[in-house]
Amino acid sequence: MAEELVKVRQEKLQRLRERGIDPYPYRFERTHLAAEIKGRFGKLPPASRSGEEARVAGRIFSIRRMGRITFADLRDASGRIQLFLSRPVLGDEAYELFRELDLGDIIGAWGEVITTKTGELSLEVRGFEILAKALRPLPEKWHGLRDPEKRYRYRELDLLTNEKAHRVILDRSRIIRTMRGFLEERGFIEVETPILQPIPGGAAARPFVTHHNALDRDLYLRIAPELYLKRLLVAGYEKVYELGKNFRNEGISTQHNPEFTALEAYEAYADYHDAMELAEEMLCRCVEDLHGKLRIEYQGKEVDLSRPWRKVTLYELISDEFGLDPEAPLPELLSEMGRRGIEYPEHLARGPKGKVLEHLLELLEERLIGPTFVMDYPLDISPLAKRKRGNPELVERFELFIAGFEVANAFSELNDPEEQRERFLMQERLRAAGDEEAHRIDETFLRALEHGMPPAAGIGFGVDRIVMILTDSPSIREVIAFPLVGERR
RNA sequence: GGGUCGUUAGCUCAGUUGGCAGAGCACCGGCCUUUUAAGCCGGGGGUCGCAGGUUCGAUUCCUGCACGACCCA
């Protein structure tokens, strides 16, 4: 049992303490990362000595004991370096101490950089120090953790032992750094707005509810930062962005985690055409920085992000792909869909029509592999967007699809306070009719608009999905360090 | 919410047409001065996800539940 393996290690820990060794000391002075040693001494011929000393630290991943000599692999954040230990060089006492070590222990070691007879660059250990004793065994060395449940439940083990999983988190950091760098370069400032909100706004979604004890009132985890970011536009900040978590109380799938990372950016005096340009520039930079090219592969499909990206209106798309007339009144549209065998959930028949068009888009989005801006959405499902110039039934809004995923949503932001109130009232009617995802009226936001918000473009990116595409990850859980898992029984 | 599949040693996985539970890695003991999934000899380790049912006997068959994966809504 696991307890037995743990017990053996606890006994070793006890013996260390009895010998006056602190198994959890405070720091270790290292001179080289494993990769730095490879870089500096990689060309040493077999069976030679560099004459250089190095101090390394990391976790022991394998030990090969051969009697009076021992080989061990030490891994740090940069890579792997082999330790070579011989009883004569290390001395009997230290050699015996090393015999007590287990796979997974974290140690610091020092000695001369050498190559073995077979030519492997190694550290000939003169001395070592235990930096953290591991009480639990590592997963199997060859396969690592495979069981998806265990992988997510004990994610640190997964990230420690599965190289691909480990890589994704590094790539994620790099992508996010590129996004920040891009926006900072363009003069955006990073801001933080409330996660605890009295009225969850800015998106159509069901919120998580929580409670503030001292105020004795319910608060909601934000479903989007949008309304607060617009209030910062009112406040005179002209280019703002926020990168952070949103929370939506909805199902879990390969594309949905209840908490996910969004990047929202707002630029005064710009419209949704500018937002398209921004999206294209920013994402191309992320892809090029990570891959050095714009043609990448996602789950076996080629995704070509070369510019310019395709732009198509929602109506064109629906009419081209389904042969339907998106301008037709709702009953006519539904009966035409019925004739063509296009299924839809019953509640859509109650309207509004925009929801039906949105459903049709969902049916075909998996086919939008190359980057595609789908533009000009129905007004009734876009209560925060400005009407389209020349067509008051539509709004200036787009969603961006890449590799079949919706990765961004943007508008020319509605800044007319009276119209915004009308739109909220429309949403209230939908809510009254049973739509739990309908937007709620937010008087504080309306009051801010009444002070005047400059015309602006706003865009929100689904950061996790972007990371999925750029790291060829099949599930959103692969790109989140600790995705939500159920209660263990 | 519905369907399908899965859950066996710390890890990766076999297996039992219903009759003493298996391997590799890891662990423990022994040998070994050039290994790198080291090798050789010996050993320990299991509530077969949980709860019921059928049966002389259930890890195996049936039902329910939990957790997970995939598909559908």
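Residue numbers start from 1 in every chain, and the chains themselves are labelled A, B, ... in the order their sequence lines are given, proteins ahead of strands. Reckoned from all heavy atoms, side chains included, excluding hydrogens, waters and symmetry mates.
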Could you list by number each residue of residues 354-366 of chain A showing a heavy-atom separation from RNA chain B of less than 4.0 Å, or answer none if no residue does?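 Listed by number, there are none.
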
Heavy atoms within less than 4.0 Å of RNA chain B: which residues of residues 105-120 of chain A have one? Give them sorted by number.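 Here the set is A/Thr116, A/Lys117, A/Thr118, A/Glu120.
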
Let's test this: given Watson-Crick or G-U wobble pairing with both distances under 3.5 Å, identify the partner of [N].
| N | value |
| --- | --- |
| B/rC48 | none |
| B/rC11 | B/rG24 |
| B/rU4 | B/rA69 |
| B/rU55 | none |
| B/rG39 | B/rC31 |

Between A/Phe84 and A/Phe71, is the ring centre distance below 6.0 Å?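 So the answer is yes for these two rings.
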
What is the distance from [atom1] of [X] to [atom2] of [N], rounded to the nearest Å?
| X | N | atom1 | atom2 | answer |
| --- | --- | --- | --- | --- |
| A/His256 | B/rC71 | NE2 | P | 13 Å |
| A/Arg80 | B/rA37 | CZ | C1' | 12 Å |
| A/Tyr154 | B/rG68 | OH | C1' | 13 Å |
| A/Arg153 | B/rG6 | CZ | C1' | 15 Å |
| A/Ile60 | B/rA37 | CD1 | P | 18 Å |
| A/Glu149 | B/rU8 | CD | P | 10 Å |
| A/Glu124 | B/rU36 | CD | P | 20 Å |
| A/Phe61 | B/rC11 | CZ | P | 16 Å |

Test: [X] and [Y] ion pair at under 4.0 Å:
| X | Y | result |
| --- | --- | --- |
| A/Glu259 | A/Lys245 | yes |
| A/Lys7 | A/Glu4 | no |
| A/Asp158 | A/Arg155 | yes |
| A/Asp380 | A/Lys355 | no |

Has A/Arg64 got a side-chain N or O lying under 4.0 Å from the OP1 or OP2 atom of B/rG39?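 For B/rG39, neither OP1 nor OP2 has a side-chain N or O of A/Arg64 closer than 4.0 Å.
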
Report yes if at least one side-chain N or O of A/Lys150 is closer than 4.0 Å to OP1 or OP2 of B/rU12; otherwise report no.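 The answer is yes; a side-chain N or O of A/Lys150 sits under 4.0 Å from OP1 or OP2.
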
Between A/His32 and A/Phe41, what is the ring plane arrangement, given parallel below 30°, perpendicular above 60°, and tilted in between?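 A/His32 and A/Phe41: tilted rings.
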
Aromatic plane relationship, A/Phe424 with A/His439 - under 30° parallel, 30 to 60° tilted, over 60° perpendicular: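 Rings of A/His439 and A/Phe424: tilted, as their planes differ by 30° to 60°.
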
Which parts of nucleotides 23-32 of chain B does protein reach within less than 4.0 Å, heavy atoms only, written one letter per nucleotide 5' to 3' as B for base, S for sugar-phosphate only and - for none? -BBSSS---B

Return whichever of A/Asp73 or A/Pro139 has its heavy-atom-nearest nucleotide of RNA chain B closer to the 5' end.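 Result of the comparison: A/Pro139.
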
Of A/Pro148 and A/Leu145, whose closest RNA chain B nucleotide lies nearer the 5' terminus?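 That would be A/Leu145.
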
Nearest non-hydrogen partners of A/Leu324 and A/Leu333, listed with the distance: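 Smallest heavy-atom distance, with atoms named: CB-CD1, 4.3 Å.
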
Remember a base hit wins even if backbone is also touched, and classify A/Thr254 as base, sugar-phosphate or nothing at under 4.0 Å, heavy atoms.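 If one applies the 4.0 Å heavy-atom cut-off, A/Thr254 turns out to touch the sugar-phosphate alone, with no base involved.
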
Does the side chain of A/Val56 reach to within under 4.5 Å of the side chain of A/Leu123, using non-hydrogen atoms?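 They are in contact (side-chain heavy atoms under 4.5 Å apart), so the answer is yes.
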
